[in-house]
J.: 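One structure is given below, represented as structure tokens, and several questions about it will come after.
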Amino acid sequence: MPVFIVISEGRYNLSEAAGALLKQNDYKSIDIGILSAYLTAEAAAQGLASCILGWFKERAVRKLAGCKGKVRLIIALGYPKTEPIPRERRKARKPLSEITAWKES
Ligand SMILES: Cc1cc2nc3c(=O)[nH]c(=O)nc-3n(C[C@H](O)[C@H](O)[C@H](O)COP(=O)(O)O)c2cc1C
């Protein structure tokens with residue numbers, strides 16, 4: 001059965017809000033990224049296909065799902081019709097050396 005997981009963000013409590021403000025960091029997005037990565041990796045490990053969606057009618061989805069907070073992502077999950085084969089990428093992935101820096105001490 002296909003499933004859509006709607007991920008909405010909650011509100012910071014007082015100390016979290018203070019920390020985010022003080023450190024000028026968006027911890028909610030970090031948490032949602034970690035959640036999505038683990039969720040899709042575990043889905044793949046269990047033989048499920050997934051697709052992360054960030055482009056949708058946010059207000060409509062929030063209303064439909066009954067979320068109070070802003071909907072940030074939807075993850076579609078389901079059994080793939082065929083053996084999942086990674087499709088050819090239109091744009092080549094950047095080489096690791098372009099997106100990482102190593103410093104030895
Ligand atoms: C945060 C995020 C949001 C995304 N939103 C969409 C989306 O709204 N619609 C869409 O077609 N793909 C979206 N994608 C891309 C797909 O989820 C998927 O990553 C893409 O098809 C590349 O898959 P591949 O690496 O297996 O080729 C999004 C990806 C990420 C990471």
Side-chain angles (χ1 to χ4, degrees):
M1 187 206 291
V3 167
F4 293 94
I5 298 174
V6 176
I7 302 173
S8 79
E9 62 179 35
R11 294 165 73 118
Y12 284 133
N13 65 27
L14 196 64
S15 61
E16 290 162 350
L21 189 69
L22 194 71
K23 301 309 289 180
Q24 288 291 292
N25 209 339
D26 178 8
Y27 295 108
K28 290 179 188 176
S29 294
I30 295 171
D31 287 345
I32 288 169
I34 294 168
L35 162 77
S36 304
Y38 272 96
L39 202 147
T40 50
E42 181 60 27
Q46 294 197 23
L48 292 168
S50 66
C51 186
I52 301 172
L53 301 164
W55 190 291
F56 47 82
K57 291 181 178 169
E58 196 274 329
R59 281 173 63 183
V61 175
R62 188 173 358 129
K63 204 171 155 195
L64 193 70
C67 300
K68 285 193 189 130
K70 185 176 168 62
V71 175
R72 300 293 304 275
L73 287 177
I74 298 173
I75 301 180
L77 281 182
Y79 291 104
K81 278 189 182 157
T82 55
E83 186 68 23
I85 304 162
R87 62 180 164 77
E88 284 290 312
R89 295 191 65 83
R90 270 172 277 148
K91 267 171 59 182
R93 290 192 195 279
K94 288 181 182 171
L96 201 57
S97 59
E98 210 178 290
I99 56 169
T100 55
W102 298 89
K103 190 167 160 39
E104 287 180 38
S105 57

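When a ligand or atom number is given, it counts from 1 through the structure's own listing order. Computation of the quantities below employed the complete heavy-atom set of this structure, encompassing side-chain atoms and omitting hydrogens, waters and symmetry-equivalent molecules.
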J.: Rounded at 0.5 Å granularity, tell me how far CD1 in I74 sits from OG in S36.
T.: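 Rounded to the nearest 0.5 Å, the CD1-OG separation comes out at 11.5 Å.
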
J.: Rounded at 0.5 Å granularity, tell me how far CG in L77 sits from CD in E42.
T.: 11.0 Å

J.: Of all the non-hydrogen atoms in the protein, which one sits nearest to atom 20 (C) of ligand 1, and at what distance?
T.: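 Ranked first by proximity to atom 20 (C) of ligand 1 is R87 NH2, 3.7 Å.
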
J.: State the CD1-OG1 distance between I75 and T40, to the nearest 0.5 angstrom.
T.: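 Output value for this atom pair is 6.0 Å.
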
J.: Mark whether atom 26 (O) of ligand 1 lies under 4.0 angstrom from at least one protein heavy atom.
T.: no

J.: Which atom pair, heavy atoms only, marks the closest approach of G47 to P80?
T.: O-CD, 3.4 Å

J.: Suppose we measure from atom 2 (C) of ligand 1 to each protein heavy atom; which comes out shortest, and what is that distance?
T.: I52 CG2, 3.6 Å

J.: For atom 1 (C) of ligand 1, which protein heavy atom lies nearest, and how many Å away is it?
T.: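 Scanning the protein heavy atoms, the shortest distance from atom 1 (C) of ligand 1 goes to L73 CD2, 3.8 Å.
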
J.: Going by heavy atoms, is R93 under 4.0 Å from ligand 1?
T.: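 The answer is yes, since R93 has a heavy atom less than 4.0 Å from ligand 1.
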
J.: Among protein heavy atoms, which sits nearest to atom 5 (N) of ligand 1, and what does the distance come to when rounded to 0.1 Å?
T.: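 Ranked first by proximity to atom 5 (N) of ligand 1 is G54 N, 2.7 Å.
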
J.: Is the backbone of S15 close enough, under 3.5 Å, to the side chain of N13 for a donor and an acceptor to pair up by distance?
T.: yes

J.: Going by heavy atoms, is I74 under 4.0 Å from ligand 1?
T.: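 I74 does not count as a contact of ligand 1 under the 4.0 Å cut-off.
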
J.: May I ask you to identify the nearest protein heavy atom to atom 24 (P) of ligand 1, giving residue, atom name and distance to one decimal place in Å?
T.: R89 NH1, 3.6 Å

J.: Does atom 18 (C) of ligand 1 have a protein heavy-atom neighbour under 4.0 Å away?
T.: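 Flag for atom 18 (C) of ligand 1 set to false, no protein heavy atom closer than 4.0 Å.
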
J.: Between C51 and ligand 1, is there a nitrogen or oxygen pair with a distance under 3.5 Å?
T.: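 Between C51 and ligand 1 (N or O atoms, distance only) the closest approach is not under 3.5 Å.
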
J.: Note the single closest protein heavy atom to atom 8 (O) of ligand 1, along with its residue, its atom name and the distance in Å.
T.: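 Looking only at protein heavy atoms, the one closest to atom 8 (O) of ligand 1 is W55 N, 2.8 Å.
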
J.: Determine yes or no for a side-chain-to-main-chain donor-acceptor pair under 3.5 angstrom, with K28 supplying the side chain and G10 the backbone.
T.: yes

J.: Roughly how far, to the nearest 0.5 Å, is the CG atom of D31 from the CD atom of E16?
T.: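 Between atom CD of E16 and atom CG of D31 there are 8.5 Å.
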
J.: Among all protein non-hydrogen atoms, which one is nearest to atom 9 (N) of ligand 1, and what is the separation to 0.1 Å?
T.: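 Scanning the protein heavy atoms, the shortest distance from atom 9 (N) of ligand 1 goes to L53 CD2, 3.5 Å.
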
J.: Does one side chain, of R72 or S29, offer a donor that lies under 3.5 Å from an acceptor on the other?
T.: yes

